[in-house]
Amino acid sequence: MFPNAYSPHEVERVVREFWEKNKIYEKVKGRGEGLFFFVDGPPYTTGRIHLGTAWNKVIKDTILRFKRMQGYRVTDTPGWDMHGLPIEVKVEQMLGFKTKRDIERYGIDEFVRKCYEYALKNKDAMTEQFKALGVWMDWENPYMTIKAEYINSAWWTIKRAYEQGLLERKLRVVNWCPRCETALADAEVEYADKEDPSIYVKFPIKGRENTYIVIWTTTPWTLPANMAVAVHPDFEYGLFEAVKDGRKEYLILAKDLAENVLSKAYDSWKLVETYKGKELYGLEYEHPLSDEVPIQRDKKHRVVNADFVAHENTGCVHIAPGHGLEDFELGLKEGLEVFNPVDDRGVFDGKAGKYEGLHVFEANKVIIEDLKAKGLLISAETIVHRYGHCWRCKTPIIYRATEQWFLAISKLKDKMLEEIERVRWIPEWAGEARFKDWVSNAKDWCISRQRYWGIPIPVWICEKCGKWKVVGDINEVPWRDDLDLHRPKIDEVTFKCDCGGVMRRIKDVFDVWFDSGVASWGTLGYPLKIKDEEFFKIWPADFITEGHDQTRGWFYSQLGASVISFGKAPYKTVLMHGFTLDEQGRKMSKSLGNVVEPDEVIKEVGVDAFRLYVLSSALWEDLRFSWSEVRNVLRMLNIFWNAVRFAYTYMSLDKDMITEEKIRDVFGCDFESALKRIEDYENRWILSRLESLNRLACKEMENYNLHRVVRAFLDFVVEDFSRWFIQLVRPRVWVEGEDRLKIATYLTLLRVIEKSVKIIAPFAPFLSEFVYQRFLKEFRDGKESVFMESYPKPDESFIDEELESAMRIAREIFEAVSSARQKGRRKLRWPLRVVYVESRDEKVRRAVEMLKDVIKSQCNVKDVKVVDEFEKRIVVKPNYKVVGRILKDRVREFAEFLKDLSEDELREIAENKTVEFDGKRIEDAVIVEYEIPEGYEFEEFSKGRVYVYTVLDEELKREAFARELVRRIQEMRKEMNLNVEEFINVTVEFPKELVEGWEDYIKRETRAKSLIFGKPERGFVKEWNIEGVKAVIGIERLK
RNA sequence: GGGCCCGUGGCUCAGCCUGGUUAGAGCGUGCGCCUGAUAAGCGCAAGGUCCGGGGUUCAAAUCCCCGCGGGCCCA
């Protein structure tokens, strides 16, 4: 049985049960010839998927299903990213911890175990959500970054880096989260608006009375670590004499910027001298807080040059090599001391003198006060600017110089850029522009984190001689389970150095981005579980796809790790998709309250509609989630369902008409050949459209234009199949008995539904499988599952462009006629005598010839004729606006002249709108109108016009009334809940002469055994008003 | 300040790469139709400076340049 109404949830339930019971996934998984190596970008185990994650996996699943149907054996190992700060932060919250000390007190052992369990639990919850989306992946055997074999892949990679001299330990300024007390990679820093002080400070020049160099900063707390002031070598700087309250001061700052700065605090000023920035080089000054930070008293401070100085604020930049990236680099060049008086928590230590014990952000206020008290502050305001935050705990980051471990990306950059070009990027700009830009600006990758829940960095250092040992194989250390390879267990492992000393592991763990960076070999368990020979047959990945946020994330971490490990890119094709936003284009966030959960969408419209919706717009563009759009997709699927059910209704009654034997009987050949022998236009047309769709689907899939396939499919189903084809063939299937045309139509329906279902199966797996099982296999043999079928290839011999174009014209004519009918108030049920199609286009003539019956029946007209020109009267009136100006008082004469023109002259004037009058040629002299004969209505279409004769003669009226009666009777049958095949008796009180000659027609259409004119006395009686005529209809049901 | 993407009726989007009938859908609105797919379905209409300005071209929503607005990323 094929159910009446489309219930997505019921369909899902049935199909899911079918798949499980028959182990369809398992059976499909083992199939296929060539390998398609797909690598799943591992979602982070947060415990819940959101719309974006759902979209991501749906894209992947669709492509995997498509590739499977194309005959590939696909790798479909899902991945899970399970280490790192986000989970640590969650577990800390659950335990009520605030700092690292809480963790250490609690015990790292237990803390890590909690993280482990938490990650696994989340993974399980998310697995269920992905399964609910119909995603077919190997959920039983995922790759997980916390597993021993995966850790081995990471260790192996870092050893490769070490061997090539790409693993470095160095003092560098890094992004530092004072809450998490760890370094962060650039990729972990998120920019958001922050309010900060904006202060102008005077640094006293050594040995010159009342003379200062002026700097601007938004981080007063970095002033205690100031070591230099940088000026641009080519800018012009001025020495200004500024007066405030009668006191004179001398200030150095960029000449052109002075006014804005000095006006903040001084009554007047004048330029005394100018210098080039390079002339200021070496100028010494006193540290502005040398009283508060005594350690600064003994250090030398001077002006240096730097190209990065921007022409804004004062043009003089305060340099603290311990707290700034560029400052640090400059410091290396200029030999400045790297001074960092801030500890892990962001608190000043003893080196900061007076500020010891203050958190840096609290210290801002105090420092500003101090500067003010010392008269060194020109102004203190606040500004809102973009500032980096820890992407997980949202704490503003600080820059700190610390010893960290780095991968020397700077040495690999050229190779990486080269590799980017060898990869196929979809869309192209994802790689060519966006990713290249990111990589060209990349710095060395800081991979060390001072945390607990991560892959331990496998570096052991001798306490005595400082020698390194990098372990690239987990079997070099004792282990039994995953946790043995984590902190704190791994920290207990020591090695004996050649020098006799003890080697201990550094305490750091990896940046979590490094984990996923090794995914393309980690997913295969390389090198622990797969031999080189086998491995290189598979690797690199044929395909990956992720959102554009992964440009700096997974696309990057993978490329870096892979160039280190193998000297080449780990993927061949990368499809970059967008972000999900709300309907207004805003990010979905809890605080905005605009989050849409995948679950609630599925609950309302079902999985297939959800999938088709997210796949229906260009993947690389952001997706504004719209409820009305997703509901609309459901509506279209419902149309598809109804179309299938239409076919089912009649075909199941005529099951014996479509057996192979019967087909052979009627067509003299098998099903496939019979399809090619179908001769009627309607069937041939839909078969042609079907193959065109198939051709398009195959072409677009090659370029991963999934949205074009979805759109073309829905368009085909709704427009071609349901709205047009089924309307055309409906009367055919009402015919009882063996009928060649009916059977041909059944065969066509079978083929259309079969191919449609296969084409859309990767996108809408549940509905496709359901229709495959309950419809197709009801009438023809098939595979166990639609997913064991091959993706259909177009049979272009069915494609008939001329027929398609003719049908387009026929449909346009129908639409124009409908419109004309509406103007003339002639509803479709009323038959009309004739339609004239006015067109000189040969195609129109041929189309009408070919599809005359289609047009006649759809338009409900008795005849349709093509004419070059429909007989109509041309009326030209003077265009007074134009001729008035030219002819002045002779306008009246001109109007008379127009009246007397012959038909031919009128036609010529109408054509070119130019009139010769009184020896003058006047352009735009007339307004042309056409008067069409009484009783006609017209409407335009793309290749001409239709003229519909809307007058009803008596004969047509009788037919019209007959149809009106039929419709009423049918409606009453329905109200009586009669079955389609039941018979009735009809008594009707209605002027008999109005339907004379149509009595048999009425009886036939309504399955009436008798039709009596008279007052109905029995049965179901109802009174109607038909176009002003009263009709009382009585229906008796016959047993 | 730099890189990339986006800007098409009230709303959500196709079309742009590869220039070429009158710029298409769907939703919403209004008016109708159909009733043997029917607690469905269909048609028609109104609604567009294709963000603005230049340029290339016989021809620009489409290609190029300059702006404006939005988003992401970087400094």
Side-chain angles (χ1 to χ4, degrees), chain A residues 2 4-6 186-187 189-191 308 310-312 325-326 386 388 427-438 440-442 547-549 551-553 576 578-579 581 583-587 613 616-618 620-633 635-636 638-650 703 705 707-708 710-712 714-715 718-719 722-724 726-727 730-731 733-734 814-823 825-830 841 858 860 939-943 963 966-971 973-974 978-981 1005-1007:
Chain A
F2 199 85
N4 278 339
Y6 174 42
D186 289 347
V189 177
E190 186 173 272
Y191 290 80
F308 63 72
H311 198 258
E312 52 194 33
L325 301 155
E326 287 171 323
R386 306 286 287 175
E428 236 167 75
W429 50 261
E432 277 313 304
R434 209 182 159 98
F435 192 40
K436 265 195 177 171
D437 182 58
W438 168 264
S440 341
N441 292 318
H548 54 56
D549 53 330
T551 300
R552 67 172 191 171
M576 187 186 82
F579 255 29
L581 308 171
E583 205 149 2
Q584 282 86 51
R586 298 172 307 179
K587 237 182 191 172
Y613 167 68
S616 68
S617 46
W620 43 89
E621 265 165 45
D622 289 347
L623 178 75
R624 295 186 175 197
F625 183 81
S626 156
W627 276 106
S628 69
E629 289 301 306
V630 75
R631 286 189 189 109
N632 193 35
V633 174
R635 216 192 92 236
M636 295 202 254
N638 196 44
I639 290 173
F640 181 59
W641 179 276
N642 282 326
V644 173
R645 195 158 60 86
F646 165 81
Y648 183 87
T649 304
Y650 295 98
N703 299 318
N705 281 322
H707 68 296
R708 295 196 184 175
V710 173
R711 279 168 178 277
L714 292 175
D715 194 57
V718 172
E719 284 295 331
S722 168
R723 285 185 192 163
W724 196 241
I726 289 182
Q727 298 316 314
R730 275 163 82 165
V733 300
W734 301 339
F814 164 69
E815 280 162 13
V817 169
S818 301
S819 173
R821 273 176 167 276
Q822 212 160 309
K823 282 189 202 166
R825 303 198 174 280
R826 284 286 174 264
K827 52 187 170 184
L828 190 56
R829 205 183 303 132
W830 289 53
D841 192 327
Q858 293 307 299
N860 195 16
E939 182 59 60
E940 295 186 8
F941 70 106
S942 72
K943 293 183 172 59
R963 289 181 72 147
V966 166
R967 193 186 91 65
R968 264 64 171 196
I969 296 167
Q970 298 287 27
E971 193 164 320
R973 283 185 64 117
K974 205 164 77 191
L978 294 186
N979 281 332
V980 179
E981 65 278 2
E1005 290 292 308
T1006 60
R1007 284 180 96 82

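Here the structure is a predicted model, which means the values were calculated and not measured. Below, each value reflects all heavy atoms present in this structure, side chains not excepted, and no hydrogens, waters or symmetry copies. So that the names make sense, note that chain A is the first sequence line, chain B the second, and so on, each numbered from 1.
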* Counting heavy atoms from C-beta on, name the nucleotide in B:rC73, B:rA75, B:rA14 closest to the side chain of A:Glu326. => B:rA75
* **Integer-rounded Å distance: B:rC33 P and A:Gln727 CD** => 17 Å
* Opposite nucleotide pairing with B:rU29, Watson-Crick or G-U, both atom distances under 3.5 Å -> B:rA45
* So which nucleotide does B:rG9 pair with, by the Watson-Crick or G-U wobble rule with both distances under 3.5 Å? -> none
* From the list B:rG15, B:rG36, B:rG41, which nucleotide is the closest neighbour of the side chain of A:His707? -> B:rG15
* Asked: Taking the side chain of A:Arg434 as its heavy atoms from C-beta onward, which of B:rG3, B:rC42, B:rA40 lies nearest to it?
  -> B:rG3
* Asked: If we ignore angles and hydrogens, is there a donor and acceptor under 3.5 Å between the side chains of A:Arg963 and A:Asn860?
  -> yes
* Asked: Across all strands shown, which nucleotide pairs with B:rU35 by Watson-Crick or G-U wobble geometry, both distances under 3.5 Å?
  -> none
* Taking CH2 from A:Trp830 and C1' from B:rC33, how many angstroms apart are they, rounded to a whole number? -> 14 Å
* Test for a donor-acceptor pair under 3.5 Å between the base of B:rG43 and the side chain of A:Glu815, counting only N and O atoms. => no
* Asked: Quick one: what's the B/S/- string for nucleotides 23-31 of chain B, heavy-atom cutoff under 4.0 Å, read 5' to 3'?
  -> ---BS---B
* Structure fact -> Considering only heavy side-chain atoms of A:Glu621, the closest of B:rC74, B:rC6, B:rG43 is B:rC6
* Please determine, for B:rC72, whether a Watson-Crick or G-U wobble partner exists with both distances under 3.5 Å, and give it or none. => B:rG3
* **Distance flag, aromatic centroids of A:Trp641 and A:Phe2, threshold under 6.0 Å** => yes
* **Distance, nearest 0.5 Å, that separates CG of A:Asp715 from CZ of A:Arg708** => 14.0 Å
* Side chain of A:Arg552 - closest among B:rC42, B:rC74, B:rA40 -> B:rC74
* Around A:Glu719, counting heavy atoms of other residues, nucleotides and ligands shown, do more than 12 lie under 6.0 Å from its CD? -> yes
* Just how far, in rounded Å, is P of B:rC16 from CD of A:Glu428? -> 15 Å
* Asked: Just by modelled atom types, is the A:Trp429 backbone N or O under 3.5 Å from a matching donor or acceptor in the A:Arg434 side chain?
  -> no
* **Complement of B:rA23, any strand, by Watson-Crick or G-U distances under 3.5 angstrom** => none
* To do: Say whether, by atom type as modelled, one donor and one acceptor occur between the side chain of A:Gln970 and the main chain of A:Glu1005 under 3.5 angstrom.
  => yes
* Asked: Do any side-chain nitrogens or oxygens of A:Arg708 fall under 4.0 Å of OP1 or OP2 in B:rC16?
  -> yes
* Asked: Within the pair A:Arg963 and B:rC34, is there a side-chain N or O less than 4.0 Å away from OP1 or OP2?
  -> no
* Without hydrogens or angle criteria, can the side chains of A:Arg635 and A:Asn632 be said to hold a donor-acceptor pair below 3.5 Å? -> yes
* Asked: Touch check for A:Phe2, heavy atoms < 4.0 angstrom, all strands: base, sugar-phosphate only, or nothing?
  -> nothing
* To do: Check whether any side-chain N or O of A:Tyr613 sits under 3.5 Å from a backbone N or O of A:Ser626 as a donor-acceptor pair, and report yes or no.
  => yes
* Structure fact -> In whole angstroms, the gap separating C1' of B:rC5 from CG of A:Asp437 amounts to 13 Å
